Every structure is written in C-alpha cells, then in structure tokens.
Chemist: 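Pasting a structure below so you can have a look.
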Protein chains: 2
Amino acid sequence: MFTYEYPHPAVTVDIVIYTLRDDELKLLLIKRGGKPFKGKWALPGGFIQMDESLEEAARRELEEETGVSGVFLEQLYTYGEPKRDPRERVITVAYYALIPSDRVEIRAASDAEAVGWFAMDELPKLAFDHEEILAMAHERLVAKLDYSTLAFQFMPGEFTLTQLQQVYETILQQEIDKRNFRKWILALECIEETGNEQRDGPHRPAKLYRVKEPGKVEIIK
Amino acid sequence: MFTYEYPHPAVTVDIVIYTLRDDELKLLLIKRGGKPFKGKWALPGGFIQMDESLEEAARRELEEETGVSGVFLEQLYTYGEPKRDPRERVITVAYYALIPSDRVEIRAASDAEAVGWFAMDELPKLAFDHEEILAMAHERLVAKLDYSTLAFQFMPGEFTLTQLQQVYETILQQEIDKRNFRKWILALECIEETGNEQRDGPHRPAKLYRVKEPGKVEIIK
DNA sequence: TTGACTTAGTGTATATACGACACTATAGTG
DNA sequence: CACTATAGTGTCGTATATACACTAAGTCAA
C-alpha cells in the first residue's frame, strides 16, 4: 500500500501503433480482458512504473504488444478529464508509434483477450476516450507527412519509389503524380540508391533505395 | 491521507505565460517561496485537483498568477523523468498561454516570494527542468507564428498593422518588409478595419483593425 | 523470336507564390 | 507654411508547384 498526504491520480501511457499492411494504414487494438470495458477494444497501454520515464514506459508497452523496439515513437497529447476512467482519476499520456511494414509481429499481451490490426474505416467502438485519442493521432500523422520526413519510418530497409509513393497515397487518401512526387522526394536528398533492383513480374525492374539517416525525422517545409 | 494499492505519481500543471511588453517578448516567472529550489525562479504552476481537468487546472493557475481569463491556452508537452523533482515522482503537464498586451496585471500568488516578467535574453537560472520546458515553448511559439494566426492572440481589441508587424518582428527576431507583410496579412482575411484611426504624433494617422474571430487560431500554411 | 503486357522511369511548359525594392500621403509642430 | 515622422501603396523578377504523355525494360506466351 502507498500513502500520500494529498490525493494522486493514476498515470498511464497509451500508444497508437501504426503500420502499413495490405496497402492500408492499420493500427493495433487490444480487446480488454479485465474491467472496466471488459470485452471492448482499446488502445494498448498501461500504468507507468515509478522508475521509468514516460517514453520508457511507452517503449516497454510497445515491445510487450508487438515485439518491436527502436522504432519511431513520439508523444502525442495528455488526456486528463476527471471522469474518463470510471475506476479512479487517470491521466493518460498518449504516444504514437510507426512500425515499418516488414517488422510486424504481434504478441499476445497478458491482459488482453485478443489483439488485432484495424484499418481506419473498419474501427470498432472503443473504450474510454480512445476515439478522441485516435482522431488526434491521425490528424498529427497526416499533418507531419506534409512537413517532415515521417513517411520514411514506415519503409523497410530497401524500397522502391513506387512503394514510397503508395505510403503517401494511402495515408493522405489521394493520388499523386508520379513525376512530381519523384522530383520532390529526390530533391530532399534523404534517400539514395542501394544499387539493387526489385524484379517481381513481367516488367522493368525497379531501383531500390534506402534512407540515408533512418532514425531521423526532419522538418522539410 | 490517501492510500493506493500501487504507487501513484503527483501530477502538476505548469504554464509558460507570454506577453509583449516594451517591444519585447516576456514571460512570467515566480520566485519559489518553499522547498525545493526555494528562492529560485520557476514557471508558475501547481498540483492538479481531483475534480478539475488539466486545462481547467492550467486556467486556474493562470488566473491566480495574472488575473486574466479567456485567453489563448494550449497544451505543450508532458514531462515525466523519474528524478525531475527531488521530493517525489512528479509528472508535469506543461501549457503555454498568450496574453494581449493590454491585459497584463500581475497578482502576487500565495506561495511565491516574488513574481516578474522576463525577456528571453535576461532569463535567470530556473528550477527543475523548466529551462527545457521554456525551450520547447519558444520553439512552438515561433513555429506557430508561421503557419497559424497565433500572433493575433497578443493583440488588443484594436491595433494598427505596424503594431501587428512588430509582434512578428519581435518574436521572430528579424525585420520584415512592410509591403509584403501587409499583402500577406490582409490576404488571410482574418482582420478588418474598425473605421477608427490612431493618431499619436506629428504624422499620418494609422487605420485601426480588429480580428474577425478573436478566439480562433487557424492553420494557414 | 517476336509481340503483347506490365510497371519503371523521365522533362517541359505554365501558373502561382514569394521576395526585393522606393516613393507618395497625411497629420502635428514650431 | 515648411519640416518631420510614420502610414500606406505596386511592380517586376525569381523560385516553386502543378499539369501532363511517352519511352524503357523485363516476362511470358504464341
């Protein structure tokens, strides 16, 4: 038992985990195995431990649910309405993470009935205020595609320009002119040819590229 | 006394309160009257109450320190390094507020020795990790001047275009061409002439403008 | 071996936005 | 009425973004 002179809220970290799969933007939800909202879908997350920072807590949860580490993770917003959790006062610091399409591997977390990837247009009703969190995460994601090199965080080690363009088209939900896209993306000077080619059908092979500084997300305006 | 089955951190709200005064961007600091860091300057803030939201807590602190309400206030970032407060684990949700230049009125808060407005280039050493918070707040402020109508939040009810331009020049620390600035700001169609003029010297009087939707901060790209 | 199919890859012309730049207008003051 | 100080205004060149269509190269089947 832990005793304080003044009341303290609980603090949790929830994560919106995005990846691209089947040419769709998908995010990870867990089916809650315990109260409250038992049986409902929710964002993965959990209480922070007293000896870890907020980001460390987010990375721990991320690895517990997906097995991945070292991916892009950024703080999104902090939610603290008094009644957002029926049990007690809970402050939730939300993060969002982007996982490259070749590193997806779900683990079943201990406190979840089920885990699954959902596309934006097939989301179930969510527990708590998680729909609000999701709306803000998606807004941030779309905005950052425009003014940063965030999209590279979805790419595997080697990729073609067509694949990269599809990432933009999938998330922004609009078609982009191929020539203008290539002009623009190459002018950023963030990617380089690997020298390899991808051949996957009865047509000209595509040059493969890699990101020069994979971890870095730059503001490009 | 309050007891919990698991340890809970304390949660505070700190605010970076900006205003423009003497043609300089200034922010409010308080000299701490109690431990820890007694006698050191720090951002105004305090513990959240269990029945108020995070934004309500920030507005309460803002009004306690300055007497103003109804001004622009936005969540900045949440800080939660385990050792950032020597007393106990403290999570701080930081906000920043912008106060119009004609509404500045400091009240002495109960737990502070002194209160004062500081320009960016005359900041004292700060308590906790408040210098980090300040750096992030300033970065956000500068960025948002460019792609939103945030600057209007500093303006009094009526103002001249020259005054508005000075706001941009002061915060961005660079001179702007008068004609280009006017072209740009008027093309936004966010302000309109009031019909009044300001006469304050031996020269042509300046037209006064007002913001069409004072509370609103739009993204303008 | 050749032709048909499929995706990769490339350049130009036009429209729009942005930045540099200098003079006239109008009030107050002595 | 002349001097001074700030308000207010337009054009042109450059850079940036957008629209748009054909050739290149590999596979496979006739």
Side-chain angles (χ1 to χ4, degrees), chain A residues 20 22-23 101 142-143 145-149 151 155-156 158-170 172-210 218-221, chain B residues 20 22-23 101 142-143 145-149 151 155-156 158-170 172-210 218-221:
Chain A
L20 285 160
D22 309 325
D23 285 328
S101 44
V142 167
L145 273 209
D146 260 346
Y147 69 83
S148 82
T149 57
M155 305 315 291
E158 292 193 324
F159 54 89
T160 68
L161 292 184
T162 299
Q163 285 166 2
L164 181 58
Q165 182 174 342
Q166 282 165 352
V167 172
Y168 281 86
E169 289 179 332
T170 300
L172 300 178
Q173 293 277 17
Q174 62 178 10
E175 294 193 353
I176 302 169
D177 179 82
K178 190 201 261 193
R179 282 164 295 186
N180 291 337
F181 176 77
R182 281 161 190 245
K183 234 184 302 174
W184 174 69
I185 212 80
L186 292 172
L188 297 179
E189 297 191 322
C190 289
I191 61 174
E192 60 192 1
E193 298 184 18
T194 63
N196 303 326
E197 290 182 337
Q198 173 179 301
R199 0 191 120 217
D200 63 347
H203 54 81
R204 180 171 177 175
K207 286 181 187 169
L208 286 165
Y209 290 80
R210 76 169 74 89
E218 283 180 282
I219 305 299
I220 51 183
K221 294 194 173 162
Chain B
L20 286 160
D22 310 324
D23 285 328
S101 44
V142 168
L145 272 209
D146 260 346
Y147 69 84
S148 80
T149 57
M155 306 315 291
E158 291 193 326
F159 54 89
T160 68
L161 292 184
T162 299
Q163 286 166 1
L164 182 58
Q165 183 175 341
Q166 281 166 352
V167 172
Y168 280 87
E169 289 179 334
T170 299
L172 299 178
Q173 294 278 17
Q174 61 179 8
E175 294 193 353
I176 303 170
D177 178 82
K178 192 202 260 193
R179 284 164 295 187
N180 292 337
F181 177 76
R182 283 162 190 244
K183 232 184 309 175
W184 174 68
I185 211 81
L186 292 173
L188 297 180
E189 298 192 320
C190 290
I191 62 174
E192 59 193 359
E193 298 185 16
T194 63
N196 303 325
E197 291 182 334
Q198 174 177 300
R199 358 190 120 219
D200 63 346
H203 54 81
R204 179 170 175 174
K207 287 181 185 168
L208 286 164
Y209 290 80
R210 77 168 74 87
E218 283 180 282
I219 307 300
I220 53 184
K221 296 197 174 163

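As the structure is a prediction and not an experimental result, all values here were calculated from the model. Note on naming: letters A, B, ... go to the chains in the order of the sequence lines (proteins, then strands), and numbering restarts at 1 for each one.
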Chemist: To the nearest 0.5 angstrom, please state how far the CD atom of B:Q174 sits from the CD atom of B:E169.
Modeler: 8.5 Å
Chemist: Heavy-atom nearest nucleotide on DNA chain C for B:P205 versus B:K221: which residue maps closer to 5'?
Modeler: B:K221
Chemist: Between A:E192 and A:R210, is there a donor-acceptor pair closer than 3.5 Å when you use the side chain of the first and the backbone of the second?
Modeler: no
Chemist: In chain order, what residues pass the salt bridge (charged side-chain N to carboxylate O under 4.0 Å, His left out) check against B:D200, with sequence neighbours excluded?
Modeler: none
Chemist: Taking only distance into account, with no hydrogens and no angle test, what donor-acceptor pairs under 3.5 Å do side-chain atoms of residues 179-188 of chain A form with protein atoms, sequence neighbours excluded?
Modeler:
residue : atom : partner : partner atom : Å
A:N180  : OD1  : A:K183  : NZ           : 3.3
A:R182  : NH2  : A:T162  : OG1          : 3.3

Chemist: Select from A:R199 and A:D177 the residue whose nearest nucleotide in DNA chain D is closer to the 5' end of that strand.
Modeler: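 Here A:D177 is the residue nearer the 5' end.
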Chemist: Using a 4.0 Å cut-off on heavy atoms, which residues in residues 158-167 of chain A reach DNA chain D? List them by number, or say none.
Modeler: none
Chemist: Find the distance A:N196:CG to C:dA8:C1' and express it as a whole number of Å.
Modeler: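 Rounded to the whole Å, the gap is 16 Å.
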Chemist: Using the side-chain hydrogen bond (donor to acceptor under 3.5 Å, both in side chains) criterion, which residues pair with B:Q166? Sequence neighbours excluded.
Modeler: none
Chemist: Any carboxylate oxygen within less than 4.0 angstrom of a Lys/Arg side-chain nitrogen, looking at B:E197 and B:K207?
Modeler: no
Chemist: Can you name the atoms? Protein N/O to nucleotides 1-6 of chain C N/O, anything below 3.5 Å, with the distance.
Modeler:
residue : atom : partner : partner atom : Å
C:dT6   : O2   : A:P202  : O            : 3.1

Chemist: To the nearest angstrom, how far is A:L208 atom CG from C:dA8 atom P?
Modeler: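 A:L208 atom CG is separated from C:dA8 atom P by 11 Å.
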Chemist: Is any side-chain heavy atom of A:T160 less than 4.5 Å from a side-chain heavy atom of A:Y209?
Modeler: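 They are not in contact (no side-chain heavy atoms under 4.5 Å apart), so the answer is no.
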Chemist: Answer with yes or no whether the side chains of A:T149 and A:E218 bring together a donor and an acceptor at under 3.5 Å.
Modeler: no
Chemist: Do the side chain of B:Q165 and the main chain of B:I176 share a donor and acceptor less than 3.5 angstrom apart?
Modeler: yes
Chemist: Walk me through whether B:I191 and B:L161 qualify under side chain to side chain contact (heavy atoms under 4.5 Å, CB included).
Modeler: CA-CA 10 Å; B:I191 62 174; B:L161 292 184; 3.7 Å; yes
Chemist: Take atom CD1 of A:I176 and atom P of D:dA19, then tell me their distance rounded to the nearest Å.
Modeler: 12 Å
Chemist: Taking the side chain from A:Q198 and the backbone from A:F159, do they hold a donor-acceptor pair closer than 3.5 Å?
Modeler: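 No; zero donor-acceptor contacts below 3.5 Å.
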Chemist: What are the residues of residues 178-195 of chain A, sorted by number, that bring a heavy atom to within less than 4.0 Å of DNA chain D?
Modeler: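 By residue number: A:R179, A:N180, A:K183.
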Chemist: What integer distance in Å separates B:E175:CD from C:dC21:P?
Modeler: 13 Å
Chemist: Specify the separation, in whole Å, of atom CD of A:Q198 and atom C1' of C:dT7.
Modeler: 11 Å
